[in-house]
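Reading through the C-alpha cells given below for one structure.
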Amino acid sequence: MSVRGLRVIEIINKIADDIEKNKMYLTELDAAIGDGDHGLNMSKGFLAVKEKLKDDDGNNIGDILKKTGMALVSNVGGASGPLYGTAFMKAAMVVNGKKEIEIEDFKQVLEAALEGIKIRGKAKLNEKTIIDALEPAVEALKNALDNGSNAEEALKKAVNAAETGVEHTKDIIATKGRASYLGERSIGHQDPGAASCLLILKTIYNEISC
Amino acid sequence: MSVRGLRVIEIINKIADDIEKNKMYLTELDAAIGDGDHGLNMSKGFLAVKEKLKDDDGNNIGDILKKTGMALVSNVGGASGPLYGTAFMKAAMVVNGKKEIEIEDFKQVLEAALEGIKIRGKAKLNEKTIIDALEPAVEALKNALDNGSNAEEALKKAVNAAETGVEHTKDIIATKGRASYLGERSIGHQDPGAASCLLILKTIYNEISC
Amino acid sequence: MKKLINNPENVVEEMLDGLTLAYPEYLRKLDGFHVLVRKSSPISGKVALVSGGGSGHEPAHGGYVGKGMLDGAVAGDVFTSPTPDPIYEAVKAVDGGAGVLLIVKNYTGDVMNFEMAKDMAEMEGINIDYVIVNDDVAVENSTFTAGRRGIAGTVFVHKIAGAKAELGANLMEVKETAQKVIENVRSMGMALTSCIVPAAGKPNFTLEENEMEIGMGIHGEPGTHKENIQTANEVAEQLVNKILEDMCLNKGVEVAVMINGLASTPLMELYIVNKRVNEILTEKGIKIYRTFVGEFMTSLEMAGCSVSILKLDDELKDLLDESADTPAFKV
Amino acid sequence: MKKLINNPENVVEEMLDGLTLAYPEYLRKLDGFHVLVRKSSPISGKVALVSGGGSGHEPAHGGYVGKGMLDGAVAGDVFTSPTPDPIYEAVKAVDGGAGVLLIVKNYTGDVMNFEMAKDMAEMEGINIDYVIVNDDVAVENSTFTAGRRGIAGTVFVHKIAGAKAELGANLMEVKETAQKVIENVRSMGMALTSCIVPAAGKPNFTLEENEMEIGMGIHGEPGTHKENIQTANEVAEQLVNKILEDMCLNKGVEVAVMINGLASTPLMELYIVNKRVNEILTEKGIKIYRTFVGEFMTSLEMAGCSVSILKLDDELKDLLDESADTPAFKV
Ligand SMILES: Nc1ncnc2c1ncn2[C@@H]1O[C@H](COP(=O)(O)OP(=O)(O)O)[C@@H](O)[C@H]1O
Ligand SMILES: Nc1ncnc2c1ncn2[C@@H]1O[C@H](COP(=O)(O)OP(=O)(O)O)[C@@H](O)[C@H]1O
Ligand SMILES: [Mg+2]
Ligand SMILES: [Mg+2]
Ligand SMILES: [Mg+2]
Ligand SMILES: [Mg+2]
C-alpha cells in the first residue's frame, strides 16, 4: 500500500469526522454503563488533534502520531484521553522519522498502540475495554499478513475481528473502568471504548480500500 | 334562643368537624394566593381545641371561649393562629362567668372577635382577609336585631352577608397577609381566611337553626 | 413527593434531633419544644438573640445558633410561624439578664406570634425587644400592605447583631445595629422549580420546563410573575437591577454580597451567578468587601437562588469580620 | 434541563471565576488553566496537597483550598478527569520545596491522568507522591477490577492530611497519614433522582417516582441496583449496614460521621438521616466523635445522600480538630 504523511493526516482527519458523527451514539453507549461522555470526550480530543495537525507538513509520520497522542492526552481527560493518547504516542515511536509507511509498519503501529493501552490501563483481554476490539484486530492483521493477505484484505480481517470483539463485550462483565462498578449489570451492553476503537479501524480500512 | 355552655362546646366541636371536612378546600384556596396551609393550620388548631374542651363542665362560657382561643394560639402558628385565637379570647371576655348566652350576647361576642382580629392583624375592611367576611356579618346581625329579627333570622342574614363578603374578596387586591405579596395577581381568588370565617358562621347558624 | 423523611408529621422534630445530635458541642434542644439554644445558654450578662420562623429553610435558623450569632432558634412547622409558646420558652431559656432581641422575618404570622411571645415575656419582667427584617424587594414597600418579606438578608442580621451582642453591647445598641443592617440590606430571588410541603404532598405552584418564577417567597408562595427561563447572566442582572433600583449605592461604596441557593441549585450554578453579580457591581464602581455563596435560607427542595446586597460602613464591616462559630456559618 | 448557566461549554470556567471572585482572600486561579491554588502559594517548606477530578461535585475540590486543607485543586470538565497538563501546572504552582502529595479519587481516568502528571513533575525534579481514595463500599473490592470509587470520604483525607501538612510533616509522613485515613474511611450513597451533565442535556439514568438508586456513583453512573423508595430511617440503616459489613468497628471505637447531600436533598432531610445514623451507631456502642452534615461532594443537581464513617485514633482525632479555613470547610 504505502501511505505518505499527508495522507496519514487526511485519514486522521477522517477519523475525527467519523467520531464527530458518532458522538451521540458513543455517548449513549457510555450512558448505559458509564458516565455518558465517551462520545463527547473523543470528539473534543479529535477536534484538538485536527487543530494541531493543521499546519503539519507530513514529513514525519512519527511526529504526526505523537502530536495526535499529545493532543488527546492534553484535551480529553477521563479514561479515554490517556489511553488513546498513550496508544498514539507509543505508535509514534515505531514510525519515527518515516515519510511513508507500509502495511508492515502499520502492523507495528497497531501492536505498539495495543501495548500502550494495556500498560496505561493495567488491563488485558476480556475486561470489557478498548482492548477487546484492538487485540483481536491486531491478531487478525498479523495472521492475515503471515498468510499472505494483501493490505486491504488484512485490514478487512482486522476490522471484522474488532467487530466480533465489540459484540463479545456485550456478553462479559466489565472489570476495568467505570463500567466495572456495575458488576453483573454491565452485561448486555457494548463497551463504548471498544466501539470507538472499531470506528477508528473502520475509517482506516475505508480510507485505505477506496 | 339561649344557648348553654355544654351546647356551646357541642357547636365548637361541630365547627372543628366542618373545618376538618373542608381542610383540603381551604388549603387549596391558600395555595393559590398564599402558602397552601390554611386548612391544615385550622384543622390542627381545632383538633387541639376539641382536646382542650373535652373535660370542660360548660359552667363558664367565657372559659370555654378562652380555652378555645388559647388552644388556637398555642397550636396553629402562622397568621390564622393568633388571629382566630385573639378573636376567641376577646370574645371570652364579654361572656365571662356566663352559663348561657342569648343572641344579644352573641352579637357582642362577634363584635369583640372582630375587634380582636382588627387589632391583632392591624387590618381593616377590603384588605382581603377574615375581616371581609366577619365585619359584614357583624353589621348584618346588628341591623337584623335592631330591626326586630329573631335569632335565627338574624344569623341567617349574618351568614348571607359573610357569603357576599367572601365573594367580594375575589374582586380585591390583598393588602394584608401573605397574599399581599402577589399584588394584582391576588385578584380573582377568594381569601382563605374569609372562607374559613364563613364556614364557622355557617356551622353556628346550622346548629342554632335546627 | 420524593423525600428522605419518615413521616410528614415528624419532620421538624426529627430534623431538630438530627441537628442536635450532629452538633452537641453547639446546641441543645429544649425539652418538649421545637427550640434550639446554645449549649451554654443562658450567658450571663450577654444580650441574647432569638430568631425563628417556619421550618424548611435549613440551615436557618437552628444552624445559626452559636457563638457570634443566635442564642436561640424557634422552629415552626414547615413554612408556618411557630406559636408564641415556644418563642416564649426560648426567650426564657436564653435570657442571661441583659435582655433578649427577637429577630423576626416580616410575615404576618411571624410578626403576630413573636409579638404575642414578647408580650408574655414582658409580663415576666424580661427586658425584650424585636426587629423585623424585610429585605425582599420583590414585594413593593407600602404602608398600605403587609410590607416586604424577610428572606436571606436575615442571615446578615443574625451575623452582625450577633457579633455586636457578643462584644458586650446592651439591648438598645444591639437592636440599633440590627436595625442598621435591616435598613441596608436588600434581596431578590427567583425559582426554577417549586417545592412540596411534606404534609401537603404536592407543590404549591408549578413551573413548566421553560418557565421560571421571579420574586417568589421562601414559603412556596408564587412570585410576582413568571417568565421564560434565562441564562445565569440574565438572571443575575435581573435580580441585581431590581435591588439597585431600590437601593442607593454610589461609586466607591462597599457591600457584602450573598448568593443564596434555595436548595436544589448546585453550588456550581451559584458560583456562575456570583461571577456575573460581581461583574455588574464592579462595573458600577461598587466595592465588594465580602461574598458568601451557599445555602443560607432555603425553601425545602426548591431550585433557584436569591441575591442579597448589604451596604456596609466601618461598624458593619468590623462586625461582619468578627468570628462566628455555629454549625452552618463560621467566620 | 433547567439550570442557572450561560453556556454548557463554559460552566467550569465561569464557576471557577465565580468562586475565585467570591473568595479572593483564599484563592487565585492559574491563568489559562482550570486550577485554583491558595492565594499564598507556594508556601515555602510546607508539603503541598493537590486534589481534583471532574467538575460537578462542588464545593469539591476548589472550595477546600485554604489553610489546613488543599493547596491546589484541578477541575476537569463536568464528571471528567482533568488532563495531566493542568495537574502538572497545579503541582508546579504549589510546590514550596517540601514536595507535593496528589490526592486522587479512584477512577480509571483520574488515576491515569494524575499518574501522567506525576511522571511529568518527577521529570522536573519535583518531590511528588500520590494516594488513591477508594471509600465507596457499593463497589466490591477486588484485585480483578478497577476497585472501589472515591467519593465523599475524600474530604476527610483533605482535612486530615491537610492538617498534617500544615503542622510541618514531611511528604512521607503526610502520605502515611492520608493513607491511614483512606484505610479507615468507608462511604455508601443512594440517589432519589438522576442529574444532567450540561453538555449532554439529558440524564444518564432515570428513576421512576417510586424508585431510588442504591450505590450509584457521583458521576451520574447508575448504581448497583434500584429499589422502591424507603423511609429516611430505612435508607440510613441500609447505608450504614453496608458500611459496617465492610468495616470492623468494635464497641467503644470512636468515629467521625459525614452525612453528605448530593445537591438537591435539603439539609432538613440530611439532619433526619443523621438522627437515624447516630442512633444506629450509638446502639452498637460506637462513639461519634464528630459529625458533619452538609454538601461536601455533590453530583450536579442529584437528590440523595451518602454516609461516610471514619474510624479514628488519637492522631486522627487531633488532626480532625486542627483548624481549617477554606471557603467551604472551616473547623
Ligand atoms: N483500565 C482500562 N484499560 C483499557 N480501557 C479502559 C480502561 N478503563 C476504561 N477503559 C475504556 O475507556 C472507556 C470509557 O472512556 P470514557 O467514557 O471516555 O472515560 P471515563 O470512563 O473516564 O468517562 C471504556 O468504555 C473502556 O473501553
Ligand atoms: N393582617 C391580617 N389581618 C387579618 N387577617 C389576616 C391578616 N393576615 C392574614 N390574614 C388572614 O389569614 C389567612 C391566612 O391564614 P394562614 O394560611 O393560616 O396563615 P399563613 O398566611 O401564615 O400561612 C388569610 O387568608 C387572611 O384571611
Ligand atoms: Mg465516560
Ligand atoms: Mg397560609
Ligand atoms: Mg403558613
Ligand atoms: Mg467521564
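By convention in this document, chain letters (A, B, ...) are assigned in the order of the sequence lines, proteins followed by strands, and residues within each chain are numbered from 1.
Using a 4.5 Å cut-off between heavy atoms, C:Asn278 touches chain D through its side chain atoms alone. Both the backbone and the side chain of C:Val11 come within contact range of chain D, judged by heavy atoms closer than 4.5 Å. Both the backbone and the side chain of D:Leu207 come within contact range of chain C, each with at least one heavy atom under 4.5 Å from a heavy atom of that chain. Residue C:Val273 touches chain D through its side chain alone, counting heavy-atom pairs closer than 4.5 Å. C:Ile288 does not touch chain D: none of its heavy atoms, backbone or side chain, sits under 4.5 Å away. For D:Val277, no part lies under 4.5 angstrom from a heavy atom of chain C. For D:Val235, the part lying near chain C is the side chain, with the backbone staying farther off; criterion is any non-hydrogen pair under 4.5 Å.
Heavy-atom neighbours of D:Glu9 CD from other residues, nucleotides or ligands within 6.0 Å: at or below the threshold of 12.
Between chain D and the residues C:Thr231, C:Leu16, C:Val331, the most heavy-atom pairs under 4.5 angstrom are made by C:Thr231. Taking D:Asn6, D:Asn274, D:Ile5 one by one and counting their heavy-atom pairs under 4.5 Å with chain C, the maximum is reached by D:Asn6.
A 4.5 Å side-chain heavy-atom check between D:Leu21 and C:Tyr271 finds every atom pair outside the cut-off. A heavy-atom distance below 4.5 Å is found between the side chains of D:Met190 and C:Leu4.
Taking non-hydrogen atoms and a 4.5 Å limit, the residue list of residues 294-302 of chain C in contact with chain D, ordered by number, reads C:Glu295, C:Leu300, C:Glu301.
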